[in-house]
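Heads up, the thing below is written out as structure tokens.
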Amino acid sequence: MGITNPARHFNKHLANQVLVLVIKDLPFDAPPPSPSPSPSAAPWTNDAVTEVLRSISRYTLQSPRSIGRQSGFRHRTPLRQRNFNLEHHKFCNNTLVLGPAAHQDPDKVHLGSLKALEFFRWVEARFAFAHSEATCRELACLLARASATKHLWNFLKQCPHVTTATVTCVIKLLGEHGLADEALLTFHRMKQFRCKPDTHSYNTLIYALCCVGNFTKARYLLQQMELPGFRCPPDTFTYTILISSYCRYGRLTGCRKATRRRIYEAGRLFRSMLFKGLVPDVVTYNALIDGCCKTLRVERALELFDDMKTRGIVPNHVTYGSFIRYYSAVNEIDKGVEMLRQMQRLGHGIPGSNSYTPIIHALCEAGRVVEAWGFLVELVDGGSVPREYTYGLVCDSLRAAGEGGLLLKEDVVHKRIKDGIWNRYRQMMKVKPVMTRKGYPEMEEPV
DNA sequence: CTTTGAAACA
């Protein structure tokens, strides 16, 4: 772990020096607050410039929702297309701004993008640094994250190093911030940026549109791709994105009819992808199976489950998770347990706390408390740590059922669970200090 | 560089 790469270390240090200047809004030629290395004397490399832009991005615009997630992030609440004018209006009226950027300080974000642009120009002018595709992509991504679309488009227009991959990256980021219309605009301007769309960029754009529920435009793009002889024909990803979005979004509206129509639409897409000779993968099946389970159509889900196995596609812990959640929810817990055992037996995945949690919750609710405790122990033996809520629920249920004998304070299992939960909590506080802990009665603060 | 799942509380 602790391998020290001197160049990387130097770049990090340099990035910190520049960051101090950014925060204090000082020119980059200003004397550094601490001795060496100084930005105005540094031999700038590709990696160093990238590192600086990354640190500006990290400092000024990390959305609290994305902190603590390793890669990418998914929204718990559905995204809606954001409206800049409305947001500005609300901001002026001192009311809450909605959307993923809501928790960010707008001034800080603004300063971040301006400073990044300034730095980008500064290394170029002061050291004749030749920007590469990598540094340009880093700046473009920073501007996209800051939702600074005007700056972004201006930059892409005049930068000679933009590639399709860079624009795809930008489209993805805009989509993650609920700016699907802006993503679409960026896509349409690709010619202006001297690059051609490919299937990847189409897929990313379709995903961004689906995330805000704009299926009309998403379907229109698919139609375009399906035209015979088109340069970017749809692939498995294209269909999987649409199918999963229909399944996910279908449940959102309270209306049963709309849900049915969306799930039906997902099935239709699935058939048409098979017809085109495209091979569905685990993810495609998982999306469909989860859609069926959530709409209580297990028979269909099981059919798909068999279907995937005959095609030689190996189910994974996500596939089994959908079934386990379904069976736990409808109180057919033993079938859920059977699914868990099948996954282990066939070597289709190692159950983690995600697989055990629905079963444990359901068992507690059904009053089968001792069994619940058994699964909790099994989970811990497997090396996982239960969620705090789950642990509290099992302990409460044991007490209520008069099984206090399993609650001995000095028990090794209890100690391991508590240590695990506290370790995870401390880990989280490191990356996300602004977090309130729920605090369940079972967990007293360690000394 | 793109796709699946992820609880309870207020």
Side-chain angles (χ1 to χ4, degrees), chain A residues 68-69 71-77 133-134 137-138 140-141 144 162-176 183 187 195 197-211 218 221 225 232 234-248 251 266 269-270 273 278-294 301 304 308 313 315-326 328-329 343 349 351-362 364-365 384 386-393 396 436-441:
Chain A
R69 290 203 173 255
S71 63
F73 73 101
R74 247 165 234 127
H75 292 273
R76 297 173 157 275
T77 47
E133 197 208 319
R137 180 185 304 190
E138 209 56 52
C141 288
V162 250
T163 58
T164 304
T166 300
V167 180
T168 305
C169 227
V170 164
I171 290 173
K172 185 191 172 205
L173 288 167
L174 290 174
E176 280 175 356
F187 180 82
C195 49
D198 58 4
T199 300
H200 284 267
S201 47
Y202 264 99
N203 291 349
T204 313
L205 177 63
I206 289 176
Y207 183 60
L209 289 167
C210 286
C211 281
L221 286 165
M225 296 171 89
C232 316
D235 59 5
T236 303
F237 275 80
T238 320
Y239 283 97
T240 304
I241 289 166
L242 277 158
I243 289 170
S244 68
S245 301
Y246 273 122
C247 288
R248 194 158 19 90
R251 288 177 271 118
L269 276 171
F270 183 64
M273 88 179 271
L278 288 169
V279 185
D281 62 3
V282 222
V283 185
T284 319
Y285 275 104
N286 286 350
L288 274 169
I289 287 174
D290 195 62
C292 290
C293 286
K294 293 244 167 83
L304 286 162
M308 74 189 284
I313 299 163
N316 60 18
H317 66 110
V318 179
T319 326
Y320 285 94
S322 296
F323 284 110
I324 293 174
R325 273 194 309 279
Y326 166 81
S328 303
M343 163 161 82
S353 59
N354 270 337
S355 318
Y356 284 103
T357 303
I359 293 178
I360 295 175
H361 288 201
C364 285
E365 209 157 305
S384 303
R387 300 205 311 254
E388 191 177 343
Y389 173 80
T390 308
Y391 179 54
L393 183 69
D396 281 350
T436 47
R437 203 177 68 86
K438 218 35 207 177
Y440 292 94

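Being a predicted model, the structure only gives us computed values, none of them experimental. Numbered from 1 within each chain, the chains take letters A, B, ... in sequence-line order.
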Ignoring hydrogens, what is the shortest heavy-atom contact between A:Pro358 and A:Arg325? Give both atom names and the distance. CG-CG, 3.8 Å

Using the side-chain heavy atoms of A:Lys294, tell me which of these nucleotides is nearest: B:dA8, B:dC1, B:dA6. B:dA6

Output the rounded distance in Å from CG (A:Asp281) to P (B:dT2). 14 Å

In this structure, how many angstroms lie between the C1' atom of B:dG5 and the CZ atom of A:Phe323, rounded? 13 Å

Ignoring hydrogens and geometry, is there a side-chain-to-backbone donor-acceptor pair from A:Thr238 to A:Asn203 under 3.5 Å? no

Partner set under ring-ring contact (aromatic ring centres under 6.0 Å, His included) for A:Tyr356, not counting sequence neighbours: none

May I have the distance from A:Tyr389 (atom OH) to B:dA6 (atom P), rounded to whole angstrom? 17 Å

Examine A:Tyr207 together with A:Tyr202 and report whether their ring centres are nearer than 6.0 Å. no

Looking at every strand, decide which applies to A:Thr204 at a 4.0 Å heavy-atom threshold: base, sugar-phosphate, or nothing. sugar-phosphate

Calculate the interatomic distance between A:Leu304 atom CG and B:dG5 atom P; express it in whole Å. 15 Å

Figure out the CG/C1' separation between A:Asp290 and B:dT3, and round it to whole Å. 14 Å

For the side chain of A:His317, starting at C-beta, report the closest nucleotide among B:dT2, B:dA8, B:dG5. B:dG5

By the 4.0 Å heavy-atom rule, please label A:Ser244 as base, sugar-phosphate, or nothing. sugar-phosphate

With sugar-phosphate meaning primed atoms plus P, OP1 and OP2, does A:Phe237 contact a base, only sugar-phosphate, or nothing at under 4.0 Å between heavy atoms? base

Any side-chain N or O of A:Lys172 below 4.0 angstrom from OP1/OP2 of B:dC1? no

A:Tyr246 OH - B:dT4 P separation (whole Å): 16 Å

Of all residues at least two apart in sequence or in a different chain, which pass the ring-ring contact (aromatic ring centres under 6.0 Å, His included) check with A:Tyr440? A:Tyr389

So if I take every side-chain heavy atom of A:Thr168 and compare against B:dC1, B:dT3, B:dT4, which nucleotide ends up nearest? B:dC1

Strictly below 4.0 Å: does A:Tyr207 bring a side-chain N or O up to OP1 or OP2 of B:dT4? yes

Under 4.0 Å from OP1 or OP2 of B:dA6: is there any side-chain N or O of A:Arg325 that close? yes

Spacing between A:Asn354 atom CG and B:dT4 atom P, to the nearest angstrom: 15 Å

Check the distance between B:dG5's C1' and A:Tyr356's OH and give it to me in whole angstrom. 17 Å

